[in-house]
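To keep things clear, I will list the structure first and then write my remarks on it.
By convention here, the first residue in the shown sequence is residue 1.
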Amino acid sequence: MSRLILLLAAVALVWWWLSSRRKQLRGHTSQRSSTDPAPDGQAMVACARCGVHLPQSDALADEAGRHYCGEEHRRLGPGPSGTP
């Protein structure tokens, strides 16, 4: 009977360790804020028309400093509610 209790305690300990490790890994990836640079070091911006995020180096900017994902969206201007 004591072997069974010891086995169950070992299984519970391994399960607890694995679940805490998973939470720690998930928390690590979600701790970056939206203003942090992308993993390769580039800043990300959102298109003022559709809200798609893209590297700042790929975005097109207008005179007001708003960023767009392409020439068509820059031509159309900001979305109906300004910034999505």
Exercise for the section: Look at the side-chain heavy atoms of Ile, Leu, Val, Met, Phe, Trp and Tyr, link any pair under 4.5 Å apart, and say whether L6 and L8 land in one connected group. Expected result: no
Exercise for the section: Tell me whether V11 is reachable from L4 by hopping between hydrophobic residues (I, L, V, M, F, W, Y) whose side-chain heavy atoms are closer than 4.5 Å. Expected result: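 The answer is no; the residues belong to distinct hydrophobic clusters.
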Exercise for the section: Determine the minimum heavy-atom distance between C69 and C50, stating which atoms define it. Expected result: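 Reported closest heavy-atom pair: SG-SG, 3.8 Å.
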Practice task
Can you see which heavy atom on S57 is nearest to which on Q42, and at what distance?
Solution key: OG-OE1, 3.1 Å
Practice task
Sequence neighbours left out, what passes side-chain contact (heavy atoms from CB on, under 4.5 Å) with A64? Give chain and number order.
Solution key: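 A64: side-chain contact (heavy atoms from CB on, under 4.5 Å) contacts with D62, R66.
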Exercise for the section: Name all residues meeting the side-chain contact (heavy atoms from CB on, under 4.5 Å) criterion together with S19; count only those two or more places apart in sequence or in a different chain, and write none if there are none. Expected result: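 Result, side-chain contact (heavy atoms from CB on, under 4.5 Å) vs S19: R22.
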Handout entry: Residue pair Y68 / P78, side-chain heavy-atom distance below 4.5 Å
Key = yes
Exercise for the section: Answer whether the closest heavy-atom distance between the side chains of M44 and P55 falls below 4.5 Å. Expected result: yes
Exercise for the section: Examine distances only and state if a side-chain atom of R74 and a backbone atom of A61 form a donor-acceptor pair shorter than 3.5 Å. Expected result: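 Yes, the answer is positive, given that a donor and an acceptor are paired below the 3.5 Å cut-off.
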Handout entry: Nearest-0.5 Å distance, CG of residue L60 to NE2 of residue H73
Key = 11.5 Å
Completion exercise
Of V45, L54, D58, the one forming a side-chain contact (heavy atoms from CB on, under 4.5 Å) with H67 is V45
